[in-house]
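Heads up: the structure comes next, in structure tokens.
Order of the sequence lines sets the chain letters (A, B, ...), proteins ahead of strands, with each chain counted from 1.
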Protein chains: 2
Amino acid sequence: MARTQGSHSDITGPRVRDAALSLFARHGYAAVSMRQIAGAVGVQAGALYNYTPDKQTLLYELMKAHMDELLAARGGEPWPGDPMAALEAFTRFHIRFHARRPEAVFISYMELRNLSPENFAVIEGLRKTYETQLQDILQRGVAEGRFAVTDARITSMALIAMLTGVNTWFRDKGRLSLPEVEEIYCDMVRKAVAV
Amino acid sequence: MARTQGSHSDITGPRVRDAALSLFARHGYAAVSMRQIAGAVGVQAGALYNYTPDKQTLLYELMKAHMDELLAARGGEPWPGDPMAALEAFTRFHIRFHARRPEAVFISYMELRNLSPENFAVIEGLRKTYETQLQDILQRGVAEGRFAVTDARITSMALIAMLTGVNTWFRDKGRLSLPEVEEIYCDMVRKAVAV
DNA sequence: TTGATTTGAACGTATGTTCAGTTAAATCTT
DNA sequence: AAGATTTAACTGAACATACGTTCAAATCAA
């Protein structure tokens with residue numbers, strides 16, 4: 001039997017990416033073989049090379065897609081002029097966006113070292129773009145005398161680390177709902193930078 | 001040539017662990033081979049099995065040693081009765097301890113999924129022990145009306161995530177000294193939980 | 001000479017990737 | 001509508017290389 005019936009490129013492609021995302025997140029890029037990914041899709045290993053030139057590019061494209069989505073989603077959000085309102089909007093957006101994509105987030109933070117130098121540079125650039133948005137909010141708040149922040153760059157990284165940490169414990173049917181989590185973190189963020 | 005001159009068990013053992021720590025941190029557990037570790041030590045792969053029963057145990061023992069050191073060091077620190085002073089002591093201790101061991105920290109946070117279930121349970125237990133210490137400080141502060149924290153468990157994880165995040169950017173000869181970093185984070189932590 | 005330490009080769013298995021050959025669907029021809 | 005042809009998708013086997021681990025033999029320190 002040479003081909004499972006009814007399978008097409010436009011359906012197998014996404015399935016390859018989904019399987020890779022899920023397996024990379026669970027076991028790590030280096031620990032997952034192309035044969036495992038193929039098995040999850042229900043196909044032989046050779047068939048994967050219709051959808052990616054190699055394993056490394058498969059990882060890169062998952063991370064690239066995640067970062068693109070992140071920046072696009074952020075771009076579609078409101079940007080309040082008031083620094084504190086902008087900070088709160090950023091906080092809620094970050095928690096909400098990341099909580100909904102635990103696997104992509106996990107990969108994007110854990111597998112950076114498995115990217116080739118060129119691919120790494122691209123992802124790192126996108127990450128910096130995102131981080132700079134928070135940094136700008138903080139700087140504006142400082143300029144307007146609303147925030148007490150001695151180093152906007154360090155503070156932005158500290159806050160992002162805190163917010164992304166939600167993903168290590170948050171579960172959809174856990175003790176706290178996402179809005180409750182948002183509220184707790186918003187409180188902390190607001191107070192942490194307030195004058 | 002059968003043996004490099006002057007090598008002994010009590011010198012090779014630590015060298016194996018050092019090489020493994022450094023290589024695991026740089027490339028990840030799954031991506032590092034026993035032959036690479038042996039090469040870094042200057043020995044053949046087979047010789048490693050005088051110092052570890054297998055690769056998995058080598059990883060586990062690195063993480064176990066790190067967590068034991070963490071808890072022992074923390075146990076040797078002063079425990080101020082005043083909640084705010086205790087929180088500040090914890091914050092400074094955490095930053096200082098972790099900044100000095102970037103490789104062990106990196107491994108302990110990234111390679112949890114490569115532990116066998118039994119080994120994972122041990123490490124996770126130690127991590128929880130540490131985290132509970134911060135949680136207790138927060139709870140005491142709440143009980144004494146000094147902290148405004150709605151959920152001590154979530155807050156403790158948020159703060160630890162923020163503090164551990166220092167390791168992603170801190171470099172010894174960077175723009176900021178460690179005491180300066182401590183100061184910035186202490187300010188944020190204090191304000192974030194204050195009433 | 002004894003006992004600890006290391007070598008070097010071998011074990012079976014797995015890896016990422018390639019590719020000629022096979023199959024099914026899409027398109028074209030009549 | 002039916003048959004012929006083209007194209008895209010996939011298989012299955014093979015490639016060279018690497019993996020973790022074992023172990024008899026060799027080497028060195030005491």
Side-chain angles (χ1 to χ4, degrees), chain A residues 1-24 26-63 107 111 113-116 118-119, chain B residues 1-24 26-63 107 111 113-116 118-119:
Chain A
M1 160 181 27
R3 159 133 90 143
T4 319
Q5 62 175 346
S7 51
H8 296 326
S9 173
D10 46 343
I11 182 116
T12 307
R15 295 227 301 146
V16 169
R17 285 187 285 278
D18 287 356
L21 186 76
S22 169
L23 286 168
F24 288 166
R26 193 154 37 242
H27 306 111
Y29 170 78
V32 171
S33 71
M34 295 300 270
R35 284 172 179 83
Q36 279 176 68
I37 298 170
V41 176
V43 104
Q44 293 295 324
L48 299 181
Y49 291 83
N50 289 320
Y51 305 98
T52 183
D54 48 40
K55 193 188 176 191
Q56 153 78 205
T57 305
L58 183 51
L59 172 64
Y60 167 70
E61 276 171 358
L62 290 174
M63 296 174 73
I107 290 175
E111 306 293 356
R113 61 184 164 193
N114 287 115
L115 292 176
S116 68
E118 313 83 50
N119 289 344
Chain B
M1 161 183 26
R3 156 136 88 147
T4 318
Q5 60 176 351
S7 50
H8 297 325
S9 172
D10 46 343
I11 184 117
T12 308
R15 296 225 303 147
V16 169
R17 285 187 285 279
D18 286 356
L21 186 77
S22 169
L23 286 168
F24 287 165
R26 192 154 39 242
H27 306 110
Y29 170 78
V32 171
S33 72
M34 294 300 269
R35 283 172 179 83
Q36 279 176 68
I37 299 171
V41 176
V43 105
Q44 293 295 325
L48 298 181
Y49 291 83
N50 289 319
Y51 305 98
T52 183
D54 48 40
K55 191 187 177 191
Q56 153 76 204
T57 305
L58 184 51
L59 172 64
Y60 166 69
E61 278 171 356
L62 290 173
M63 297 174 72
I107 289 176
E111 304 294 356
R113 61 184 165 194
N114 287 114
L115 293 175
S116 69
E118 313 84 50
N119 289 344

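DNA chain D is contacted by both Asn50(A) and Arg35(A); Asn50(A) maps to the nucleotide lying nearer its 5′ end (nearest heavy atom per residue). The nearest heavy atom of DNA chain C to Ala47(B) and to Ala30(A) marks one nucleotide each, and the one closer to the 5' end goes with Ala47(B).
Among all heavy-atom pairs drawn from Thr52(B) and Met34(B), the shortest one is CG2-CE, 4.3 Å. The two residues Ala19(B) and Ala40(B) come nearest to each other via the heavy atoms CB-CB, 3.9 Å.
Ile37(B) has its CD1 atom 12 Å from the C1' atom of dC19(D), to the nearest Å. Rounded to an integer number of Å, the gap from Ile11(B) CD1 to dA29(D) C1' is 15 Å. What separates CD of Gln36(B) from C1' of dG20(D) is a distance of 13 Å, to the nearest Å. Summarising the geometry, the separation between NZ on Lys55(B) and C1' on dA18(D) is reported as 12 Å, rounded to the nearest angstrom. With rounding to whole Å, Asn114(B) atom CG is found 12 Å from dG20(D) atom P. Rounded to a whole Å, the OH atom of Tyr49(B) is 22 Å from the P atom of dA4(C). Summarising the geometry, the separation between CG on Leu48(B) and P on dG20(D) is reported as 10 Å, rounded to the nearest angstrom.
Partners of Gln56(A) by side-chain contact (heavy atoms from CB on, under 4.5 Å), not counting sequence neighbours, listed by chain and number: Tyr29(A), Asp54(A), Leu115(A), Ser116(A), Asn119(A).
Counting only heavy atoms from C-beta outward, the side chains of Ile107(B) and Leu59(B) approach each other to under 4.5 Å.
A sub-4.0 Å separation between OP1 or OP2 of dT6(C) and a side-chain N or O of Tyr51(B) is present. Of the side-chain N and O atoms in Thr12(B), one or more sit less than 4.0 angstrom from OP1 or OP2 of dT6(C). The shortest distance between the side-chain N/O atoms of Ser33(B) and the OP1/OP2 oxygens of dA18(D) is not below 4.0 Å.
The CD1 atom of Ile37(B) sits 12.5 Å away from atom CZ of Arg17(B), with the distance rounded to the nearest 0.5 Å.
With dG16(C), dC10(D), dT7(C) as the choices, the nucleotide that has an atom nearest any side-chain atom of Gln44(B) turns out to be dT7(C). Closest to the side chain of Met34(B), out of dC10(D), dT6(C), dG20(D), is dG20(D).
Across all strands shown, Val32(A) has heavy atoms under 4.0 Å from sugar-phosphate atoms exclusively, and none from any base.
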